[in-house]
Amino acid sequence: LTNLFARSFGGWMSDYAYKRWSVRGRIWSLFLQTIMEGILMLIFTHGTYETYGPGGALAVLIFWGITVQATEGGTYGLVPFVEPSA
């Protein structure tokens, strides 16, 4: 389900950053998406049942999945600049 909107949102963020800051903006967009992905995974792994409960853990996991898909979309925006023949 997150694949329907999150990947395109990541591509949109990459395109927006490209319009404002050129290729460096795409790189920063991908970097920030990856950092958010890592932060959410750390939050998820450090939680316990008493801390979050099942609903809180599921919410963090869903937001992590959204950032994973957004990062994939940002990667697709950067690939043509890494390998021009792609």
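Everything numeric here is computed off the predicted structure, so don't read it as measured data.
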| query | Which atoms form the tightest heavy-atom contact between Gly25 and Ala17, and what is the distance? | reply |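 Reported closest heavy-atom pair: O-CB, 3.2 Å.
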Atom pair [atom1]/[atom2] of [X] and [Y] - distance to nearest 0.5 Å:
X: Glu72; Y: Arg7; atom1: CD; atom2: CZ; result: 4.5 Å
X: Leu78; Y: Tyr18; atom1: CG; atom2: OH; result: 11.0 Å
X: Phe81; Y: Ser22; atom1: CZ; atom2: OG; result: 7.0 Å

Suppose we screen for ring-ring contact (aromatic ring centres under 6.0 Å, His included). Which residues come up paired with [X], at least two apart in sequence or across chains?
X: Phe44; answer: none
X: Phe5; answer: none
X: Phe63; answer: none

**Asked** Any side-chain heavy atom of Ile43 sitting closer than 4.5 Å to one from Tyr52?
**Response** yes
Measuring only between side-chain heavy atoms, which start at C-beta, is Trp64 closer than 4.5 Å to Leu61? yes
What donor-acceptor contacts under 3.5 angstrom involve side-chain atoms of residues 33-41, with partners at least two apart or in another chain?
unit_1 : atom_1 : unit_2 : atom_2 : d
Gln33  : NE2    : Ser29  : OG     : 3.4
Thr34  : OG1    : Leu30  : O      : 2.8
Glu37  : OE1    : Thr71  : OG1    : 3.1

Practice item. Tell me whether Ile66 is reachable from Phe31 by hopping between hydrophobic residues (I, L, V, M, F, W, Y) whose side-chain heavy atoms are closer than 4.5 Å. Key: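 They do share one cluster, since a chain of ILVMFWY contacts under 4.5 Å joins Phe31 to Ile66.
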Using a 4.5 Å side-chain heavy-atom cut-off and chaining through intermediate ILVMFWY residues, the residues clustered with Tyr16 come out as none
*asked:* For Thr51, give me all partners under side-chain hydrogen bond (donor to acceptor under 3.5 Å, both in side chains), at least two apart in sequence or on another chain.
replied: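 Expected list: Thr48.
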Next item on the list: Using a cut-off of 6.0 Å, state whether more than 12 heavy atoms not belonging to Trp21 lie near its atom CH2.
Entry: yes
